Amino acid sequence: MMYLSLPNKGKSALSLLPANVHETDQGADAIKAVLGNLRAISTKLAEIRNSFGGGYGKTVSFQDLEEWQAKLAVGSSITFVDFIWSTYEKQRKTGTKVI
């Protein structure tokens, strides 16, 4: 996935929307909060890419991300994609929604 923004339609198809978590589920509030922030991960990583990417039109004063910042961005994107893909694979294999 080059662009990490997963539309609500995709999250809905995977049943990864906070509204799909039942109040009686163990840890419901925490799970809802994490699912609600999935979109923020992809959106903010796209903003970082736009601000710090090595694309054309950068000024002389442009500064790259520091290594530790880049590691956070890469690690977050890997975790995000792994979670989405694992959810898809589990649902495909079992034929049921996992959340």
Side-chain angles (χ1 to χ4, degrees):
M1 231 177 177
M2 288 295 127
Y3 184 71
L4 295 177
S5 182
L6 185 65
N8 276 340
K9 185 176 181 181
K11 283 184 270 199
S12 178
L14 293 175
S15 194
L16 293 176
L17 296 173
N20 295 344
V21 178
H22 298 96
E23 291 298 326
T24 57
D25 291 343
Q26 184 176 355
D29 289 340
I31 293 168
K32 285 181 177 188
V34 170
L35 291 176
N37 287 306
L38 279 178
R39 183 177 176 108
I41 292 170
S42 58
T43 301
K44 295 305 176 184
L45 285 172
E47 288 178 21
I48 290 170
R49 180 201 61 219
N50 291 340
S51 296
F52 294 96
Y56 298 104
K58 301 297 178 187
T59 64
V60 175
S61 62
F62 173 76
Q63 292 182 344
D64 286 330
L65 288 175
E66 292 188 35
E67 184 178 347
W68 64 273
Q69 294 166 318
K71 285 180 179 180
L72 174 62
V74 170
S76 297
S77 64
I78 290 169
T79 300
F80 175 83
V81 171
D82 181 62
F83 176 74
I84 297 297
W85 184 254
S86 296
T87 301
Y88 167 77
E89 284 290 303
K90 184 169 180 77
Q91 290 181 10
R92 187 177 64 81
K93 288 177 184 173
T94 65
T96 60
K97 303 294 184 190
V98 295
I99 291 181

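For clarity, every value in this text was computed on a predicted model and none was experimentally measured. Residues take their numbers from the sequence shown, with the count starting at 1.
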Engineer: Drop me the distance from K32's NZ to H22's NE2, to the nearest 0.5 angstrom.
Structural biologist: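 One finds 9.5 Å between NZ of K32 and NE2 of H22.
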Engineer: May I ask whether L35 and W85 are part of the same hydrophobic cluster, defined by side-chain heavy atoms of I, L, V, M, F, W, Y residues being less than 4.5 angstrom apart, directly or through others?
Structural biologist: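 Same cluster.
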Engineer: For E89, does the CD atom have more than 12 heavy-atom neighbours from other residues, nucleotides or ligands under 6.0 Å away?
Structural biologist: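 Count over threshold, so yes.
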Engineer: Please round to the nearest 0.5 Å and tell me the distance separating atom OG of S42 and atom CD of E47.
Structural biologist: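 Result: 10.0 Å between the selected atoms.
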Engineer: How about L72 and L65: do any of their side-chain heavy atoms sit closer than 4.5 Å?
Structural biologist: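 Not touching, per the 4.5 Å side-chain cut-off.
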Engineer: Report whether L14 and F83 are members of the same hydrophobic cluster (ILVMFWY, side-chain heavy atoms less than 4.5 Å apart, transitive linking).
Structural biologist: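 In one cluster: yes.
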Engineer: Any chance you could measure E66, atom CD, to F52, atom CZ, to the nearest 0.5 Å?
Structural biologist: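 Answer rounded to 0.5 Å: 9.5 Å.
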Engineer: OG1 of T87 to CG of L16: how many Å apart, nearest 0.5 Å?
Structural biologist: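 Between atom OG1 of T87 and atom CG of L16 there are 5.0 Å.
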Engineer: Locate the shortest heavy-atom distance separating T96 from Q91; write the atom from each residue and the value.
Structural biologist: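 Scanning both residues, the minimum pair turns out to be O-CG, 3.2 Å.
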Engineer: For K71, which residues count as a salt bridge (charged side-chain N to carboxylate O under 4.0 Å, His left out) partner, sequence neighbours excluded?
Structural biologist: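 E67.
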Engineer: Kindly compute the distance separating NZ (K93) from OH (Y88), expressed to the nearest 0.5 Å.
Structural biologist: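 It is 11.0 Å, given to the nearest 0.5 Å.
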Engineer: Out of curiosity, T79 OG1 to I84 CD1, how far, rounded to the nearest 0.5 Å?
Structural biologist: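 T79 atom OG1 to I84 atom CD1 measures 11.5 Å (nearest 0.5 Å).
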Engineer: Below 4.5 Å, heavy atoms only, C-beta onward: do L45 and F80 meet side chain to side chain?
Structural biologist: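 Not touching, per the 4.5 Å side-chain cut-off.
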Engineer: Does V74 offer a backbone N or O that forms a donor-acceptor pair with the side chain of S77 under 3.5 Å?
Structural biologist: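 Yes; at least one donor-acceptor contact below 3.5 Å.
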